[in-house]
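Here the structure is laid out as structure tokens; the discussion comes afterwards.
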Amino acid sequence: MLPEIEQYFRLEKLPHMWCPGCGNGIILHCLAKAVGKLSINQERTVMVSGIGCAARASSYLDFDTLHTTHGRALAFATGVKFAKPELNVFVLTGDGDCTAIGGNHFIHAARRNINLTTIVFNNNIYGMTGGQYSPMTPNACRATTSPYGNLERPFNMAELAIGAGATFVGRATSFHTKILTDLIIEGYKNSGFSLIEVVTHCPTSFGRQNKMGSPADMLKWQRDHGITVMKYNKLTDEERADKFIVGILHSSKAPEYTAEYQKLVEKFQGR
Ligand SMILES: Cc1ncc(C[n+]2csc(CCOP(=O)(O)OP(=O)(O)O)c2C)c(N)n1
């Protein structure tokens, strides 16, 4: 671990419980780098997670952390931000945690535009419980609950967040670490709901069932399929079919919920 990010980790909790080759450590590295670059006050920063492999991330981080219940990371984070709006609140969540059981909290946190920086570790599957399909499992892919191929279609979580009212939305992969670190920085700076989707690899549950090769092969897949909007715009529809955009997907301004709430309190207290 780089000395400049060590201060953000509970080193006594290591080694972590993730499988060899998992992408989660790369995401944590980028998060710690972003926090360091922003010089965020560690004492006034909270990391909230739900349940799952991704959600275990909060256990390894040396901040005030909340490892909550499955699907409820955003609900707990909303409570923290309402009670203490002066705190910086990050949410670390898996694709199942955020878009399946937690899907409704996701929509409404985006709609309220509450100031939370949400990082979704999208490994396309329920990793922790043995590889069941999630709303992010691509059509026809295998999971333990779709051994003949997934009949369902995934939805685009970034587009959903934009439609619901999120004011900052970006996407990166575990391969695109510079883009990911920059997105976390920009997401944190946005005063409102920020979603950063990280397409990452689960070699054990997703990769193995879908014959995607080694963890390094899965990273190469991310490198070859995640492209910037400039490159994307130059492609034909056919070439775009299996590609996705990495970088900032949406940025807008809207009133932030806890600030509006504070204004209301002050108005009725006659201040
Ligand atoms: C209410 C509830 N339902 C189901 C579970 C079992 N469970 C634990 S983690 C998990 C899925 C995790 O998938 P994801 O959020 O994608 O995270 P990953 O493990 O892939 O990082 C499930 C279904 C639970 N703990 N609580």
Side-chain angles (χ1 to χ4, degrees), residues 1-18 24-69 72-94 97-98 102 105 109-110 112-121 166-168 170 172 177-178 180-196 198 255-263 265-266 271:
M1 190 181 296
L2 293 175
E4 65 263 32
I5 60 167
E6 260 186 23
Q7 71 177 98
Y8 301 117
F9 288 87
R10 293 176 181 151
L11 297 176
E12 72 281 7
K13 294 275 183 191
L14 300 176
H16 57 68
M17 49 78 78
W18 296 319
N24 290 354
I26 302 176
I27 303 173
L28 275 203
H29 179 105
C30 293
L31 171 62
K33 265 184 103 168
V35 167
K37 283 190 180 186
L38 285 161
S39 305
I40 295 177
N41 183 344
Q42 213 162 332
E43 304 292 321
R44 306 194 69 74
T45 302
V46 187
M47 300 283 170
V48 185
S49 65
I51 294 290
C53 293
R56 272 302 275 257
S58 63
S59 319
Y60 304 121
L61 292 166
D62 198 12
F63 296 82
D64 282 328
T65 58
L66 271 176
H67 190 190
T68 70
T69 51
R72 270 61 185 178
L74 281 165
F76 280 87
T78 299
V80 172
K81 194 72 193 169
F82 270 32
K84 297 224 174 252
E86 68 278 13
L87 296 179
N88 312 309
V89 185
F90 287 84
V91 178
L92 309 174
T93 173
D97 202 48
C98 185
H105 295 295
R112 289 188 192 106
N113 194 34
I114 182 160
N115 193 358
L116 303 171
T117 308
T118 300
I119 303 172
V120 184
F121 298 41
T167 44
F168 182 87
T177 52
K178 167 87 172 65
L180 175 53
T181 309
D182 290 347
L183 286 177
I184 297 171
I185 291 172
E186 292 308 314
Y188 171 81
K189 286 184 186 164
N190 173 46
S191 172
F193 187 79
S194 300
L195 169 76
I196 296 134
V198 192
E256 192 277 325
Y257 193 96
T258 60
E260 293 303 301
Y261 187 77
Q262 192 52 36
K263 281 187 207 161
V265 170
E266 285 172 13
R271 278 194 252 150

Nearest heavy-atom neighbours spanning [X] and [Y]:
{"X": "L74", "Y": "A109", "value": "CD2-CB, 4.2 Å"}
{"X": "G50", "Y": "D97", "value": "CA-OD2, 3.3 Å"}
{"X": "L183", "Y": "G170", "value": "CD1-C, 3.9 Å"}
{"X": "S49", "Y": "H67", "value": "OG-CD2, 3.5 Å"}

Non-hydrogen side-chain atoms of [X] and [Y] separated by less than 4.5 Å:
{"X": "T117", "Y": "F90", "value": "yes"}
{"X": "E256", "Y": "I114", "value": "yes"}
{"X": "L87", "Y": "V80", "value": "yes"}
{"X": "K33", "Y": "T177", "value": "no"}
{"X": "N115", "Y": "F193", "value": "no"}
{"X": "E86", "Y": "R44", "value": "yes"}
{"X": "K189", "Y": "L38", "value": "yes"}
{"X": "M1", "Y": "L14", "value": "yes"}

Review point. In terms of the angle between their ring planes, are Y8 and F63 parallel, tilted or perpendicular, with boundaries placed at 30° and 60°?
Key: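 Y8 and F63: parallel rings.
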Check your understanding: Between Y257 and Y261, what is the ring plane arrangement, given parallel below 30°, perpendicular above 60°, and tilted in between?
Key ->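 Ring orientation of Y257 relative to Y261: parallel.
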**Study point:** Under 3.5 Å: donor-acceptor pair, side chain of Q262, backbone of P85
**Key:**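 Pair absent, no side-chain N/O of Q262 close to backbone of P85.
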Check your understanding: Is the backbone of P255 close enough, under 3.5 Å, to the side chain of N113 for a donor and an acceptor to pair up by distance?
Key ->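 Yes; at least one donor-acceptor contact below 3.5 Å.
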When rounded to the nearest 0.5 angstrom, what is the spacing between [atom1] in [X] and [atom2] in [Y]?
{"X": "I51", "Y": "T93", "atom1": "CD1", "atom2": "OG1", "result": "10.5 Å"}
{"X": "L180", "Y": "H29", "atom1": "CG", "atom2": "NE2", "result": "10.0 Å"}
{"X": "F9", "Y": "L61", "atom1": "CZ", "atom2": "CG", "result": "5.5 Å"}
{"X": "L92", "Y": "L28", "atom1": "CG", "atom2": "CG", "result": "7.0 Å"}
{"X": "I184", "Y": "S194", "atom1": "CD1", "atom2": "OG", "result": "11.0 Å"}
{"X": "I185", "Y": "T181", "atom1": "CD1", "atom2": "OG1", "result": "6.5 Å"}

Check your understanding: Run the side-chain contact (heavy atoms from CB on, under 4.5 Å) check on V91 and F76 step by step: do they pass?
Key -> CA-CA 9 Å; V91 178; F76 280 87; over 6 Å; no
**Study point:** E43, CD atom: more than 12 neighbouring heavy atoms under 6.0 Å
**Key:**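 No - once you tally the heavy atoms of other residues, nucleotides and ligands closer than 6.0 Å, there are 12 at most.
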Practice item. Using a cut-off of 6.0 Å, state whether more than 12 heavy atoms not belonging to F82 lie near its atom CZ. Key: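 Correct, the count exceeds 12.
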Point to revise | Audit row: N24, R56, side-chain contact (heavy atoms from CB on, under 4.5 Å) steps and yes/no | key: CA-CA 10 Å; N24 290 354; R56 272 302 275 257; over 6 Å; no
Check your understanding: Would K81 and L116 count as a side-chain contact (heavy atoms from CB on, under 4.5 Å) if you check the C-alpha gap in whole Å, the side-chain angles of each, and the deciding distance to 0.1 Å?
Key -> CA-CA 8 Å; K81 194 72 193 169; L116 303 171; 4.1 Å; yes
Check your understanding: Would you say the side-chain atoms of R10 and T65 include a donor-acceptor pair closer than 3.5 Å?
Key ->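 On atom types as modelled, these side chains qualify, holding a pair under 3.5 Å.
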Check your understanding: Below 4.0 angstrom, N of the basic side chain to O of the carboxylate: do K263 and E266 qualify?
Key ->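 Between E266 and K263 there is no salt bridge, as every charged N stays at least 4.0 Å from the carboxylate O atoms.
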